[in-house]
Every structure is written in structure tokens, then in C-alpha cells.
Protein chains: 2
Amino acid sequence: MTTDRPRPTSRDVARAAGVSQAAVSLVLGGKWRGRVSPGKAAAVREAARELGYRPNLAARSLRLGRTRTALLVVPALTNEFFARLHAGAARVAAEHGFGVVLYPSPEGVGPARDPFDSAGAALDGVIASSMASEALAALRSGGELPLVMLDSEPENTQAAATVNLDIADGMRQAVGHLLELGHRRVAHIAAAVDSWTFEVRSAALTEALEAAGCPPPPVWTAGLDVADGTRAAARALAAVPRPTALVCDDDVLAAGACKAVRRLGLRVPEDVSVTGFDDLTLARAVEPELTTVRLPAEEAGAAGMRALLAVLDGRREGAVPDGRREGAVPDGRREGAVPDGRTREAGGSGSPAWVTSLPVRLTVRGSTAPPPGTPVGPGGR
Amino acid sequence: MTTDRPRPTSRDVARAAGVSQAAVSLVLGGKWRGRVSPGKAAAVREAARELGYRPNLAARSLRLGRTRTALLVVPALTNEFFARLHAGAARVAAEHGFGVVLYPSPEGVGPARDPFDSAGAALDGVIASSMASEALAALRSGGELPLVMLDSEPENTQAAATVNLDIADGMRQAVGHLLELGHRRVAHIAAAVDSWTFEVRSAALTEALEAAGCPPPPVWTAGLDVADGTRAAARALAAVPRPTALVCDDDVLAAGACKAVRRLGLRVPEDVSVTGFDDLTLARAVEPELTTVRLPAEEAGAAGMRALLAVLDGRREGAVPDGRREGAVPDGRREGAVPDGRTREAGGSGSPAWVTSLPVRLTVRGSTAPPPGTPVGPGGR
DNA sequence: CTGCGGAAGTGTTACGTATAACCTGCTCCG
DNA sequence: CGGAGCAGGTTATACGTAACACTTCCGCAG
């Protein structure tokens, strides 16, 4: 207990350095080029270090009107996908001196509390991920904040920017892989969650199968746990004729599905192939390892944060979203906002200014193989 | 773009309700019992709702000198254990109107940045979890904030409170279980991370085995990935005589170890038993499901946050940590700070005021069985 | 000699809130 | 009848910072 004295303020630093508080602010703010002599500037920095001065961020935020803090709305960090999303967003945020505060998952205490209250901090903007429908309703009420949507329905929102994962393409890749192996009877183990990202999986799966002349897949809904996947897959495998492949909405369900297969005395992948989504740690922990669609969660989080920062920059410059103020963003951040994705400016009225789509890739591992009875021919590798 | 007008302030609300700004603050702050008439109070609330008023939290923080924000330092949220920890802390925080901001993992950008800067928000206190040694050094420099340590070495810290998981007991339970099954040759797949929580595992394992007259376990270190666990286990299983049980520092390593067992043509648990730690989702996703020590991560996070809130309350009351100001905490929060754990007040000088130890429990699943060659007798169940 | 512009600072203000301090009637009691 | 006390307000202030507006000094061009 070191006397527990109050934290030094910029005025204390000024007194110690023999200058005014304004000078301290200028020096520490880095904009003293022709305003403070190098000697006094050094004295200020020395005094600040000596006293262990830290600017009061609340006061700064109040003065500046911005807080360098963003709210990230995710359903549950215990899902590794969202943890990765957060990691990417937090990394980019830290690079720009921003903080990230999380919206407590809606399953938390009582009915969805006001995100802005529960954040406990003043906010500059919001990044909202999928599966947050009722939270979004609350968000709209405080619509003065710039909003970036992640992996959400591109329409029906006044988001300033949208970053999507190309889930549909991922599903097409998974189905293509299964078709190539010779599968024709495919069942869908679907997450029973009202979320755009899962709707896309269903639609893309049905479409891809129909395009190949296969029957539409039976859909078996499940929660989000391993056991849910096992239950749904058990029902799916009871069908006659039995499906030869189970396409699961995420890796957790896929792992559960594998257990159901074995519980029937069947083998993965020799008797039944299984695919997942996300490429979680879990995908390489189970045996056989899961064939899964790798979603670039960190990149998505990073891209979302970059988009938010760009919007914030644009706001500060007073530019309309479309207006290209040459040189307004010094280091070309705007162009580099989403390095790997295809970014297009939407022309539709009321649409988000930027829609970015990040590519996904199927990762083939041991949980898929040709269906039983397939002759090992030259094309069978 | 709804004209993008500036957010209404309490003065705007006052004007709309025909009262002074002070009255608005009193009403909305809930302390208007004998200060404002019910009629005007209602008018204030109505006006606030009408205008969509939200208090400026930066201004409030500046005025009050506290921010209702805590910093949680964890190594990586992508580890489900820490995600659960965060969930518990965030839940309790939200219940008390607090926010939680995370310290970006040290593996992030460059050398450990100043946590307080990167937090981007003014802070009331810090909760630091295990594995944050170098971050702690930075934390010390700003030692004016109350610090709660989670699952960390109880000595050697000026923490205001400490919440520990009884890891040693968990390890004793695991070893006891294996000994009961008849195992004598046990190897340790250890996480090569410099962290107190892993040191405890090693020490407790050795001690428990020696107490039973078993040889000290060979230790094989690994990183934190599935593949690391597989590699380390492969080396462990190459020993002669081969160990009959692998005790792993966490579930991810355990899952990897299971793969190594099977890669040698052996079976889990018939030929080799495997145990883990944490009881992650992964523990029930692999087959056989993992026997593991369940760590109450959410409870730990919640207890840590409660401890911090109690410390903060104590500070505000001006009480010394030991002084029991009767009734200082109205709703008995102090007593209920850690409902399930054993809390003791340390008497040692310089020790944290409160040390709480949360119980852990072994969960027996399919990955453990008697060692090969065990006769199925009456005691063998 | 005068005017001017830049360097080097300082004084002052505003951000929005919570609350201490003050003010004004009114009632009630000695 | 003279306060005391209280309900029901208002005014004023401080929190710590950033930045605008202003002053002073000085070198130098006209």
C-alpha cells in the first residue's frame, strides 16, 4: 500500500516540468512541431515518466467525443469460432489503439440488457456477428453508432459495412467433394439456430445437390452440442435407404455425428462420410480428423474492425461514405481494409456502403471417403 | 442517415421536461426520494425516453472517478477454459453494471503493450489469470489498481484477492482413480508453458505417485496443440516398459495422446488409459470420451469478479481490507463473494487479503480402464 | 524605423455529469 | 409569532483533457 496517492494529472506533470498544462498536452499528444522547444518537450516527457503519468482516458474521451472503443456482439465466446473472430478484431483494434468490449451473450442474465449499458463504456462503434437477432433490435434503438455486420444477412440492415464469409461457396465445395467421391444420398445435420449463416448452408446444400440431379437432402435439426449432433445423426441414419454422407453445420455437430455412426456399428469414413464447418481445434482432435470447411474467422474479425475504423475515419473527415477524399486516409488504410477479400461498393439505395466477401476453403481430411461399394478404379485414386 | 444529430445530453432532457439539469441527474440516478416531486420525476423519465437519452459514460466516469470497467488478462480466448472464465466474469460484471475489457493476448502484436493503453478504456481494477507472467510485470508498473489473481501462485504478489482452483486435489483424484484401477506405470504429458497452474500439476502428480509407492512419472513436455500431445505421447509410449496410463495437462493434449496410442495399434482405454484436465467440449467429442478433471472455470471467473467488486466496495468505504465494517456492504455481497469455495483470510504479512480455493472434481468417462492383464474380479466391477 | 510573420508559449474554455451548497416557500410547534 | 425543519427544487462547481485564441518575443524584409 504505497500511500495510495491519487494519480498524477497533466497539470502535475506541467508543474514538475515548469510549463503549462497546455504544453504537456501538446507534447504528449505529439503535435508540438513548431509550438514547444525541443528542450522543454524533453523536460515534459521526463517529468511524465518520472511521475508515472497516464492520461485519464475518461477525460480524453469526454473532450474528444470519441472513445477508441468498439463493441463486439457475439453469441458466445466459448464457441471457438467466435473466439477467433474476437482475436482478429482485437488484434487490429490494438494496432490502432482501440479497445474491444464484448456484449454479454444473450443467454446471460435475464432478457437482453441494453448493450450500451452493459458495455459499461462509451462506444465509438459496433461490430455485430451472426446469431444476434434480438440483440440487433436493441442496437437499432441506439442507431447513432456506426455498425458493421459480420457474416449476416446483407439486406435488411442499415450497416455501414458488411463482411461476409462465402459460406455458400464453402458448402458447394463440400458437396462437390462428396459428389466426386460418388455420394448420392446426403443428409443434412442442421443447427436449429435462427441465423442467416445457417440458412445459407441449407439453401446452398439443397441447390448444389439438385444441380447434380440428387434428391434434396433430408434435414435433421440439432442444437449446438456434441450430444445434439449425435441424436440428430442417429435419426438421420435410421432412414432407409441410409444416407452415405452427413453434412453438418459445424464441427461440433460433426463430431457428434461421428459418434452416432459408430454407435450403429458403422465406420467413418468407410460406411458413412461426415463433413463439418469451421475447422476448430476439435476437427483435428477427433479420429478420423474431420473434413471441414475452414472459415477464416480471425480474418473476418480483423476485416470487420478495419471496416469500422475506415468508417470512423470517414466520419471524422466529414466525407460521405462514397466520396473518395484523396489523401483523407493517409496510410491507405481504406484501400487495405480487406486485403484478401473481394470488396465491392454496393450501388443499391440504402444498402451498406461496403460489402466484403471472404473466401473459404474446404479442408479434406479423414472423415470422408467413397461410399461403400465403390470399386477402386483408376479414378478412385 | 437520420440527420445524424448529436446525442441528447441531460441538459436537453431537462429543457424538454421543464426542470434543471440537476433534477434530471437526480431522477435518472434514482436518488430523488425527497428531492423531486413524483410528477416532475415522471416528466423527466418521459422526456428521457422520448429523446432516447443515454448518459455519456465518459463524462460520468470523469465525474465519479470510477469507470465500472474491469480488465481481464487472459492468454488466449481461443482456449475454451479462458472463454468460460471470461463468461463467468462478464456475467457477474453485467449484473453489477460493470463492463469487462480483455487484454490482448501477449502473442499479439509485438512486445506486450501497456495493458492500460491497449485497453482503450479507463479501468477500475484488474483480474489476471494464469500464464500472464510478462503481462504482470507491466501491470505492476501501474500498481495503483486493485488486482485480483486467478489460478496463480498465491505468494509473490500484492494482489488484493486471489481465487485458485484446487488443481492439486484434482490431480490427486485423477491419480487415485488410476491407482484404484491398478495402474502403476504412469507417464506425464506436460504442457511446456511457464505457468504456476502447470507446475502444480507436476508436483501433485509426483507426490501422489510416490505416496503410493510408485516410481516418479517420466515427464514429456509438449506445446498446447493436439499435434503436440500426439508427439509427446508417442515418445512416452516408446519407453520400455511401456506406461499403462498417460496423465495429460489438459484435454487438448489428452486428445492428441489418444491418437498416438492408436497410431501404435493400441487401444484406449484397454491398452492405455488417458486422463485430461478442464472438461472442454472436446472431452465429449472424442471417442472414447475423456476422463478428465473438471475445472469450474465460470465459477472461477465469477468469483474473481465478485472479489474485485468487494475490494472496490471496500475501497469506496475507505475500509482496510481486514476491517469488518458491519453493514458497509448492504446486501451481504461480501459474505456471498465466493459461495461455493472455501475462503480464508490470510494472516501472513503482505499476503493477499482473501484467498479462495474452488473445489474441482474428477469426471470419469471412457478413456480410463484397468491396465491390460487385470483379472476381472469382484473388486474390478 | 516599421511592419510582419513565425516560434514559443500561456490562458481559457468546453466536453456532460453528479453532487454539494444554496434558496424558497410552507407547515408545525414551542 | 418566530423560527426550525423539510419538501422541492436550482445554481454552481469540479472532474482532466485537448485545442482554440491570444500574447510576447525576435529576426528580418521593405
Side-chain angles (χ1 to χ4, degrees), chain A residues 5-44 47-48 51-68 97 116-117 120-124 144 316, chain B residues 5-44 47-48 51-68 97 116-117 120-124 144 316:
Chain A
R5 67 186 148 205
R7 278 172 52 168
T9 73
S10 62
R11 227 173 306 257
D12 296 327
V13 175
R15 208 172 305 133
V19 296
S20 72
Q21 178 266 333
V24 173
S25 186
L26 287 172
V27 171
L28 267 29
K31 32 191 88 168
W32 54 281
R33 340 224 169 182
R35 320 266 291 130
V36 180
S37 65
K40 295 214 167 183
V44 166
L51 295 177
Y53 168 73
R54 282 170 203 292
N56 181 320
L57 295 170
R60 174 179 289 174
S61 295
L62 176 58
R63 180 71 239 266
L64 261 23
R66 55 212 161 81
T67 62
R68 304 187 83 76
F116 302 103
D117 281 1
L123 301 173
D124 276 351
E144 71 268 11
R316 208 183 333 163
Chain B
R5 65 187 151 206
R7 278 170 53 168
T9 74
S10 63
R11 226 172 308 255
D12 296 328
V13 176
R15 206 172 307 133
V19 297
S20 72
Q21 179 266 334
V24 172
S25 186
L26 288 171
V27 170
L28 267 29
K31 30 189 89 168
W32 55 282
R33 342 229 165 181
R35 319 264 294 130
V36 179
S37 65
K40 294 213 167 188
V44 166
L51 294 178
Y53 168 71
R54 282 168 203 292
N56 181 319
L57 295 170
R60 173 179 290 172
S61 296
L62 176 60
R63 178 73 235 267
L64 261 22
R66 54 212 162 79
T67 61
R68 304 187 84 74
F116 301 103
D117 281 0
L123 301 172
D124 276 352
E144 71 266 12
R316 205 180 341 160

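As the structure is a computational prediction, the values presented were derived from the model and not from experiment.
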Whole-Å distance between C:dT17 C1' and B:Arg66 CZ? 13 Å
Quick one: CZ on A:Arg66 to CG on A:Leu123, what's the gap to the nearest 0.5 Å? 15.0 Å
What salt bridge (Lys or Arg N to Asp or Glu O under 4.0 Å) pairs are there with at least one residue in residues 13-23 of chain B, not counting sequence neighbours? B:Asp12-B:Arg15
Could you pull out all residues at least two apart from B:Ala22 that satisfy side-chain contact (heavy atoms from CB on, under 4.5 Å)? B:Ser20
In whole angstroms, how far is the P atom of C:dG16 from the CG atom of B:Leu51? 14 Å
With a 3.5 Å cut-off and sequence neighbours excluded, list the donor-acceptor pairs that the side chains of residues 33-43 of chain A form with protein atoms.
| unit_1 | atom_1 | unit_2 | atom_2 | d |
| --- | --- | --- | --- | --- |
| A:Ser37 | OG | A:Lys40 | N | 3.4 |

Inter-residue atom distance A:Ser10.OG - A:Leu51.CG, 0.5 Å rounding: 11.5 Å
Can you pull out the residues from residues 25-42 of chain B that lie within a 4.0 Å heavy-atom distance of DNA chain C? B:Ser25, B:Lys31, B:Arg35
What is the distance, to the nearest angstrom, from the CZ atom on B:Arg60 to the C1' atom on C:dT19? 13 Å
Take atom CG of B:Leu64 and atom P of D:dG16, then tell me their distance rounded to the nearest Å. 13 Å
About how many Å separate OG1 of B:Thr9 and CG of B:Asn56, when rounded to the nearest 0.5 Å? 9.5 Å
Nucleotide nearest A:Thr9 when distance is taken to its side chain, options D:dT10, C:dT17, D:dG16: D:dG16
How many Å lie between CG on B:Leu62 and P on C:dG16, as a whole number? 12 Å
Residues which pass side-chain contact (heavy atoms from CB on, under 4.5 Å) with A:Arg60, listed by chain and number, not counting sequence neighbours: A:Pro55, A:Leu57, A:Leu64
Give me the distances for all protein-to-nucleotides 11-14 of chain D N/O pairs that come in under 3.5 Å?
none

Interatomic distance, A:Asn56 CG vs C:dG16 C1' [rounded to whole Å]: 14 Å
Non-neighbouring partners of A:Arg11 that pass salt bridge (charged side-chain N to carboxylate O under 4.0 Å, His left out), sequence neighbours left out: none
